[in-house]
Enquirer: 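First, the structure itself, so that you have it in front of you.
Nothing here was measured: the structure is a model prediction, and the numbers come from that model. Per chain, numbering begins at 1; letters A, B, ... match sequence-line order.
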Amino acid sequence: MRVFAVLRLLFWVGLCCVAWPGSVRADAPVMPPQVIEGAVAEPTTSAQMRDMAAVELPWHHMATLNEAFISPGGDTPPGTDSSWMRVTLPHRWQLTHPDYAGTMWYRFKVRLTQVPDQPWAVYMPRAIMNAQVWVNGVPMAAQGSMAAPVTRNWYVPLMAQVPAGAWREGDNIIMVRVVGGFLTRNGLAAIDVGPQQQLLQPYNWRLLAQVDGPRVANISLIALGLFMVLVWLRDRGQGAIGLQGLAAICWGLGNMASWAPEMPFLEQLTWAWLAYVLVVTSQLLICLFFWRFIGRRVRAIDWSIYALMVFTPVMTLAYPTGAQFFLTYVATFILMAISAGHALVHVVRTRRPDGMVLVVGCLLAVPVGAHDLAFEANLLPYDSVFWLAFAGPLLMYCTFYILAGDHARSRKDLAHLNDTLASQVAERESALRESFERVAELERAQAVQAERSRILRDMHDGVGAHLSSALRQLQAARNGQVDLGLVIQTLRDSLDQLKLSVDALTLAPGDVVGLLASLRFRVAPRLKAAGLDLAWNVQDLPSWPEGQPPALRQLQYILFEGLSNVLQHSGATRLTLSARRRPEGIEVSLSDDGRGWDGVAEGAGIQTMRARAKVIGAELTLHGEPGRGTELRVVLPLQAAPQLDLSSAA
Amino acid sequence: MNDTAQAPWKVVVVEDNHATRSYLESCIKDQPQLTLAASFSTLAPAQAWFDLHPADLLLVDLGLPDGSGLSLMRQVRRQCPGCDMLVVSMFGDEENVVASIEAGAVGYVHKDDDAADIAETLKAVKQGASPISPMIARHLLRRMQPGGAVSSDASRAPRPAPTLAPQPADVAAADVDVPEEAAEESAVVLSRREQEVLEYIARGFSYAEIAREQGITVHTVQTYIKKLYGKLAVHSRSEAVFQANRLGLLNTFGQQFR
């Protein structure tokens with residue numbers, strides 16, 4: 001962590017050192033010419049120029065020429081009487097002819113001991129913007145256009161073949177015509193002259209470093225970028241991959257301008273502008289990618305990036321100066337350094353898989369960026385090579401390597417998940433089944449328990465009570481006087497209760513009509529024996545919501561008790577059982593034409609009936625007048641009562 | 001047929017409880033229209049007796065020491081179609097009564113009924129009546145609802161073979177009945193009147209009340225019930241035949257015992 005902070009600080013400091021003088025120099029109209037590149041420039045007289053000693057060339061060997069006389073001019077070489085200036089190459093126009101645009105002639109004088117018998121050539125590692133070689137007043141073929149618009153060959157090494165016939169024994173004049181272009185560091189680096197065979201080696205190396213190498217790197221980068229964008233199009237959640245893909249495409253296209261200056265259907269200047277914008281945009285996109293990659297959003301950074309993305313194309317169109325170009329590069333570089341620094345801290349701190357790959361990529365790319373920036377700022381040799389053309393793609397390959405690793409890891413995880421999913425599901429299922437079984441077991445046990453207690457209460461209240469009272473009645477008859485009628489009555493009650501409880505077992509919950517029907521059926525013989533006429537006035541009734549089996553049994557008890565009372569005490573001859581639906585609930589009423597109840601003395605039987613009615617939430621009223629019969633009325637509520645304790649209602 | 005000048009009806013009693021048997025015998029002996037033809041406490045001698053003798057009425061307990069009264073009822077139904085069968089039941093509970101009706105019974109008497117009531121029931125049955133309780137009526141109505149018959153099929157489905165195998169003659173007899181019953185769906189089909197009568201009974205109305213309500217005689221109401229019982233018995237047999245057919249058992253067994 002601290003290491004990276006130091007590194008970041010170093011970047012900043014280095015950046016300031018690199019950027020500051022560079023930007024100043026790009027703007028400065030006058031520069032002390034002798035300061036940089038060892039260029040010695042002094043006004044020269046024509047005589048001095050004519051008397052200049054020719055450089056003797058070994059005819060079998062190439063030689064480097066770094067001393068020349070220069071003169072601004074037109075399409076043809078200026079005469080010896082023009083004003084020439086002596087310079088040492090590499091030479092930048094800015095140093096001797098600030099803000100000059102047009103054509104500059106470089107004059108070299110060489111001496112050949114004999115005319116070469118093999119093809120010779122003049123190799124110009126760097127000539128900005130384009131250059132053409134004249135030997136002894138004869139122009140050689142140029143690469144691209146020398147007239148406006150000048151072919152932007154500023155990063156393309158130039159080689160001019162000179163036929164053997166163009167040379168002559170003794171002094172030869174080599175002129176290099178350099179044409180400047182729009183906003184460039186016009187100038188010429190030292191040139192090589194000699195047998196073409198020998199010149200090919202440095203030329204090819206340079207071609208590889210500046211043209212073929214970047215071409216391969218950029219085209220592969222474009223392909224990679226397209227692939228990433230396709231991945232993002234199919235999976236929009238992968239925003240980081242999409243950004244990185246776009247950045248790769250922009251980078252590849254933008255850098256194309258350095259080795260393919262001429263594009264079909266595109267003006268050179270437009271192409272140059274577009275390429276520049278693309279390169280800057282690409283770097284800004286990489287910055288965005290880094291923040292996505294970290295998973296953090298810093299509003300200030302985001303807005304700086306967006307602003308620069310808009311600012312760059314607009315400003316380069318509206319106010320195209322070298323200073324502005326350079327400042328944009330610097331701002332981009334700063335943003336890049338901050339973003340990359342944070343990304344590095346992030347991968348180190350979180351120990352992200354493949355994090356070291358990014359560290360390597362950034363540690364490579366950031367110094368390389370600084371190098372290229374320094375080159376832009378003329379702090380490096382005039383014929384230096386842009387390293388970013390290789391380091392940029394390398395960094396993007398690093399990030400893609402990480403993203404591909406993420407993808408591979410997630411696929412692996414998925415495969416693992418698939419493998420274990422079946423067993424996990426099976427595990428859950430068996431656990432679930434087990435718990436279901438446990439619950440079902442518990443429910444069964446509870447049901448059995450409830451049933452058992454229901455039957456026990458039934459026996460206790462019904463058969464048990466009657467049998468024990470029958471037994472007591474028999475025991476009480478000490479002197480042989482058994483009240484047979486009473487005992488028979490008791491035993492009959494016991495049997496009837498038993499039958500009613502059997503019926504209750506098959507009643508559907510809430511079936512009050514069924515309950516009344518079975519009650520009638522069970523007590524019919526007894527009513528008949530008592531000579532009691534029963535009027536049956538039972539309508540179709542709704543289901544009684546609270547009519548669970550225990551509640552139905554309670555209702556049976558209440559009505560049975562009521563019937564018993566009528567049979568035993570009322571002396572009635574006619575009994576009416578009616579049941580109808582009322583707004584307040586199901587009303588069941590039992591009325592007789594017997595002696596009537598005085599309404600005062602409530603026996604134990606009636607109290608029990610009331611208690612039972614209370615348990616099932618029913619409303620029980622007993623109405624009677626002496627001599628005018630009695631009416632027992634039970635109203636079963638159709639709305640479920642809030643707290644009905646049926647656990648004790650068995 | 002049911003005029004009083006006719007010879008008394010021959011009644012057979014099969015009941016293992018001595019007291020109950022004596023009680024039932026006494027009920028019959030008191031009635032000039034009834035005569036006790038035979039009385040048994042176990043199944044085997046009763047079955048042997050019916051191989052040789054006809055009877056008009058059979059009173060049979062279901063739980064006999066050497067088997068179920070149901071098998072005796074099936075035998076009597078085949079050998080002596082004119083014999084009306086009544087089950088002697090403690091509770092008149094749904095399960096036992098329905099099983100008996102399916103075996104051919106036309107009703108039941110309670111063990112604790114008054115002697116007069118029992119005699120009355122016996123005579124009423126001979127005159128075309130069938131005792132029924134609201135609970136039994138409810139059961140029958142449930143069975144006649146769509147789906148009710150299916151579920152009862154399903155409950156019977158796993159054991160057609162054991163039902164058939166020991167009683168091959170049953171299959172042969174059923175075979176004769178099949179043509180007219182084959183068209184019948186597996187549910188019991190009731191006429192609208194029968195359905196209405198059943199619904200009244202299920203709601204607790206007496207025969208007299210139903211007759212008054214429907215404008216028919218009590219006797220008609222009673223014959224409805226008896227017909228209904230007959231349908232149920234036939235239905236249960238056709239179900240067995242259907243299941244046997246389905247399992248490919250019927251032809252083999254039928255030919256073998258024809």
Enquirer: Quick check on A:L505 against chain B: is it the side chain, the backbone, both or neither that has a heavy atom closer than 4.5 Å?
Expert: neither

Enquirer: Give, as side chain, backbone, both or neither, the part of B:I132 having an atom under 4.5 angstrom from any heavy atom of chain A.
Expert: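 It is the backbone, since no side chain atom gets that close.
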
Enquirer: Does any backbone or side-chain atom of A:L495 lie under 4.5 Å from a heavy atom of chain B? Answer side chain, backbone, both or neither.
Expert: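 Contact with chain B is through the side chain of A:L495 alone.
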
Enquirer: What residues, two or more places apart in sequence or in another chain, satisfy side chain to side chain donor-acceptor pair (under 3.5 Å) together with B:T217?
Expert: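 With neighbours one apart ignored, the set is B:T220.
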
Enquirer: Do chain B and chain A have donor-acceptor pairs under 3.5 Å, and which are they?
Expert:
| from | atom 1 | to | atom 2 | distance (Å) |
| --- | --- | --- | --- | --- |
| B:F91 | O | A:R522 | NH1 | 3.0 |
| B:F91 | O | A:R522 | NH2 | 2.7 |
| B:H110 | NE2 | A:R522 | NH1 | 3.3 |
| B:D112 | OD1 | A:K499 | NZ | 2.9 |
| B:D112 | OD2 | A:K499 | NZ | 2.8 |
| B:D117 | OD1 | A:K528 | NZ | 3.4 |
| B:R138 | NH1 | A:D511 | OD1 | 3.3 |
| B:R138 | NH1 | A:D511 | OD2 | 2.3 |
| B:R203 | O | A:W536 | NE1 | 3.0 |
| B:R203 | NH2 | A:V538 | O | 3.0 |
| B:G204 | O | A:R520 | NH1 | 2.6 |
| B:E209 | OE1 | A:R520 | NH1 | 2.7 |
| B:E209 | OE1 | A:R520 | NH2 | 3.4 |
| B:E209 | OE2 | A:R520 | NH2 | 3.1 |

Enquirer: Could you look at A:V513 and say if it's the side chain, the backbone, both or neither that has a heavy atom under 4.5 Å from chain B?
Expert: both

